Structure formats: C-alpha cells, structure tokens
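To start, the structure itself, in structure tokens.
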Amino acid sequence: MSRFKSDFLRTLDERGFIHQISDEAGLDELFAKEIVTAYIGFDPTAPSLHAGGLIQIMMLHWMQQTGHRPISLMGGGTGMVGDPSFKDDARQLMTVDTIESNIASIKRVFSNYLSYGEGKKDALMINNGDWLREINYLEFLRDVGRHFSVNRMLSFDSVKTRLDREQSLSFLEFNYMILQAYDFVELNKRYDCRLQMGGSDQWGNIINGIDLGHRMGTPQLYALTSPLLTTSSGAKMGKSLNGAVWLNPDMLSAYDFWQYWRNTEDADVSRFLKLYTTLPMDEIARLSALGGSEINEVKKILATEVTAMLHGRDNAEQAAETARKTFEEGALADNLPSIDVATGELEAGIGLLALIVKAGLAASNGEARRHVQGGAVRINDVAISDERKVIGTGEVTGDGVIKLSLGKKKHILVRPA
C-alpha cells in the first residue's frame, strides 16, 4: 500500500522518483484535491540536455499524465550566471545569443514527453529571462535581497564544498541561489505554481525559494527532489565511453541512444524500467523476475521503450532491428552510424589508428593502438592486429563501404565521399 492518496505522488513513489519532500502530507493533500502546477528548471549550458536529465523530464511527464500542469522552465536569465552547485570551479559565461540558441535547440525534445498548449493541464514552456533580465538591481536588493541571510547561505552544502576546498566562489555565482529562489516566487505569482522539483543536489536552493515565498506572502510552497542517479558500478547517468548521451537527435542518433540503454548493467534494469519507461508496474515486475540469458531480452525492451519516447516508435524499432542484424546475423545494416572519408584520402591510404580516431572510436592514436593490441578492432569483420596497417580502397566492400568495428557492439560504416 502506498503512503500517498494522490495519483501523482503514488506513481512517483512506486517508480522510485522520490528522494525528499518538504511536507509530504500537505503536498499529497494538495495533489488529491486540485490541479497543481509545478516546475523544474533546466540550464541551457549546451544545445541539448543529456540522459542524466531524463529523470526530471519523466517527473514532468507523470505529472501531466496524472492530471496536473507541468512547467519546463528554461534558464534564459539564470544561465547568464551559471549554477555553482557542487561545481569545482566557475562555469564559462555564455552570451545571450548562445543561451537563446541553446534554449531553442533544447526545446525540441520536450514535446516528445509533454503536451504543450493553453488548457488547464497543458504544459508550459517558460523562460526566466522574461523577468530576470528586466530586474532593477536596487529594487531587487531592497525587495528580495533583504530576506536572505548570508550566514545561512554559507551553510549550504553546495557553497560549503567550494569554500572547504578553498576554491573561489564569485559574487556572481553566490547570487544564483537568490535568483533561483525568486523564480519560484515569480512562477507562483504568474501561474499559481506551488511545487518545485529537481535533483537532490537542488534541495537547498528549492527550500530557499519556499522561505522567500513565505516572507513575500505566497501561499505554502513545496519541494520534491529525486535521487541523484548513478549506475550500479558508480558511473554518472548520461555519460558513456564516447561522452555525453545527448537527447537531441542531431547530436546522437537513435541507434547510439538505443545502444546506451541496451548496455545497461544487469543490476540497474528493473530500476531503469520504472524510471525511464511508461510500462505498467505489473509488466515491469514480470520482466524484472527474468534472469539468466533472458535479461538481455529485457534490456532490449528497456532500450526500445526509452528510445521510442524520445525518437518515436518507428526509429526505436529500426534501431533494435539494426542491432539484431549486426550482432545476431553479422549483416551490414545500412542505418549503422557512418562517417564520410574523401575518396582521394582512401586512394592514398589512411592509417588504421587515424581512421579509428576519425570514426570517434578512440580519443587518440595511443588509445586506438591499445584497442588494436587488445584484439578489439576489426575491418569488415576480420580482426586486425597490425597497428601500422593502412586502409584504402581495397577494403571497400561490394556494398560500397568499409565496416570498422570496436569490440562486439561498436560499428561504424566508412563511406568514400
């Protein structure tokens, strides 16, 4: 039996989304009796979010599915300062043009998870630059800044870790938590927003917003945080050997995204099915009970379901089929990731190590050499042990490509261009 009455909190609870809530009973009561508006803030530090942010997007998704109104807040204003929470050093400051370009790029992903519009339960996409960029500094200090205790701000873990390491924390970054708290108050005033959600590292910042709201006369505001996720082996969510697992399709293909989830560690499969798919809980329980070789089939289901939400069902099933053909039949699937290499370069011959780096399968010649020496590199499914080998037009197959493989799971088609 869940400890919650409301559909939303019960869903989040049984799927493992809840780390902390500021007032469980009060928030549960609110969700049970009315349509609630809640928000999560997203920093536009890159043109795409990565898989580490997917847990937050799924929280907004379930909010709308259980009849409430989610706000995806873009940090067009706070992005000019940068969140210092638990960072070792200051973020590079971005221009307004870069921030706006990143926001436009990030927005494309959200419509796969949320339905935006003007209705009571339709999601809203809001930019905090709408109010933060218009702020009069003296008025802001007088009306908002007076409610903050520097002593208390210095006690927050996110600030203390920087100061304990004797790393500089600029006044600019110190102001970030004031701006984030003010966002909560402003969203309440404009949209009757009552709840802010985020990762557990945001707890102090969210509580700041609740306190500020109390001092500035808002109704009771609430905080809900999700656990900060790592894989069972301790790796950060959203990071792979090849770098960030981006959500935007122009930065990471559906096939590579599918592969990331297919390679989930056994111990994480059940947890990830709950967090990242919309499969019913009884189906997840059935899949979680499978073991042995069947766990690999469950991983394929996980990969396909997560990919279908982001890239569409057709692209997800095509990625699964590409993987099946490549790994189970040894076939050459046209929609494997590919790179173009100038025909002239191939005619002259390109070193194997240079090609591996060019294909993104290694960051340097040294790393590529270690792969070759370890027997992990194959050309057209033939293992290559000679690190000095030169690849040329002679390796182009009848399909007009060269298949470059690293291990069993990474394949790149080299296309003469």
Side-chain angles (χ1 to χ4, degrees), residues 2 8-19 40 48-63 65-66 109-110 112-114 197-201 224-249 252-313 315-317 319-320 323-324 327 409-410:
S2 173
F8 175 61
L9 290 184
R10 194 165 55 243
T11 300
L12 255 54
D13 186 35
E14 66 185 10
R15 287 182 172 267
F17 284 94
I18 296 176
H19 179 69
I40 296 177
S48 170
L49 300 174
H50 61 65
L54 207 45
I55 186 171
Q56 312 300 338
I57 299 173
M58 290 300 292
M59 288 166 79
L60 294 177
H61 170 82
W62 284 116
M63 198 183 161
Q65 292 303 305
T66 52
V109 159
F110 281 88
N112 297 307
Y113 299 89
L114 299 171
M197 301 187 290
S200 59
D201 60 334
L224 189 159
T225 59
S226 60
L228 279 187
L229 280 191
T230 57
T231 65
S232 290
S233 61
K236 223 174 163 184
M237 279 303 297
K239 303 283 185 186
S240 73
L241 290 174
N242 292 339
V245 181
W246 300 110
L247 301 185
N248 280 35
L252 190 77
S253 70
Y255 175 81
D256 285 331
F257 187 76
W258 188 94
Q259 278 293 345
Y260 173 74
W261 296 98
R262 165 63 183 85
N263 293 332
T264 294
E265 295 167 39
D266 291 2
D268 292 325
V269 173
S270 178
R271 185 168 55 130
F272 288 0
L273 283 167
K274 291 175 189 173
L275 290 171
Y276 297 114
T277 80
T278 55
L279 291 174
M281 287 300 291
D282 55 355
E283 174 66 0
I284 291 173
R286 186 187 72 78
L287 293 171
S288 299
L290 299 174
S293 62
E294 289 178 310
I295 193 80
N296 288 323
E297 294 308 311
V298 180
K299 289 180 185 180
K300 290 174 192 173
I301 292 169
L302 168 68
T304 300
E305 292 300 316
V306 180
T307 306
M309 285 196 81
L310 177 62
H311 291 278
R313 179 70 55 184
N315 286 328
E317 289 177 355
R324 189 187 67 77
F327 304 136
K409 295 182 177 175
K410 292 182 181 171

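Remember, it's a predicted structure, so these values are computed and weren't measured experimentally.
- For Thr11, the side-chain hydrogen bond (donor to acceptor under 3.5 Å, both in side chains) test picks out no residue, with sequence neighbours left out.
- Looking at heavy atoms from C-beta onward, Tyr113 lies in side-chain contact with Leu310 at the 4.5 angstrom threshold.
- Nearest heavy-atom pair, Ala316 versus Ala308, reported as atom, atom and distance to 0.1 Å: CB-N, 3.5 Å.
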Audit row: Met197, Leu60, side-chain contact (heavy atoms from CB on, under 4.5 Å) steps and yes/no: CA-CA 9 Å; Met197 301 187 290; Leu60 294 177; 3.9 Å; yes
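- For the pair Thr277 and Val306, the minimum side-chain heavy-atom distance is below 4.5 Å.
- When atom types are taken as modelled, the side chain of Arg15 and the backbone of Lys274 share a donor-acceptor pair closer than 3.5 angstrom.
- To the nearest 0.5 angstrom, Leu9 atom CG is 12.5 Å from Phe17 atom CZ.
- Using modelled atom types, one side-chain atom of Lys299 and one backbone atom of Thr264 make a donor-acceptor pair closer than 3.5 Å.
- Of all the heavy atoms in Ser232 and Ala267, the pair that sits closest is OG-CB, 3.3 Å.
- Panel note: side chain Ser48, backbone Leu247; a donor-acceptor pair is recorded below 3.5 Å.
- From Leu114, atom CG reaches atom CD1 of Ile57 across 8.0 Å, with rounding to the nearest 0.5 Å.
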Worked verdict on Ile284 versus Leu287 for side-chain contact (heavy atoms from CB on, under 4.5 Å): CA-CA 5 Å; Ile284 291 173; Leu287 293 171; 5.5 Å; no
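- Considering only residues two or more places apart in sequence or on other chains, Gln56 meets the side-chain contact (heavy atoms from CB on, under 4.5 Å) condition with Ile40, Phe42, Met59, Ser226.
- Counting heavy atoms from C-beta on, the side chains of Thr307 and Glu317 never come closer than 4.5 Å.
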Test log, rule side-chain contact (heavy atoms from CB on, under 4.5 Å), inputs Met58 and Met309: CA-CA 10 Å; Met58 290 300 292; Met309 285 196 81; 3.9 Å; yes
Trp258 and Lys300: CA distance, side-chain angles, deciding distance, side-chain contact (heavy atoms from CB on, under 4.5 Å) verdict: CA-CA 8 Å; Trp258 188 94; Lys300 290 174 192 173; 4.1 Å; yes
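- Remark: Ser293 engages no residue in a side-chain contact (heavy atoms from CB on, under 4.5 Å) (not counting sequence neighbours).
- Listed by first and then second residue, the salt bridge (charged side-chain N to carboxylate O under 4.0 Å, His left out) pairs involving residues 275-285 are Glu283-Arg286 (not counting sequence neighbours).
- Under the rule for a side-chain hydrogen bond (donor to acceptor under 3.5 Å, both in side chains), Thr225 has no partner lying at least two apart in sequence or in another chain.
- Listed for the Asn263 side chain is a donor-acceptor partner under 3.5 Å among the backbone atoms of Gln259.
- The stretch residues 302-311 participates, sequence neighbours left out, in these salt bridge (charged side-chain N to carboxylate O under 4.0 Å, His left out) pairs: Glu305-Arg313.
- Looking only at distances, no side-chain donor or acceptor of Glu265 sits under 3.5 Å from a matching main-chain atom of Thr231.
- Side-chain contact between Trp246 and Val109 is absent, with no heavy atoms from C-beta onward closer than 4.5 Å.
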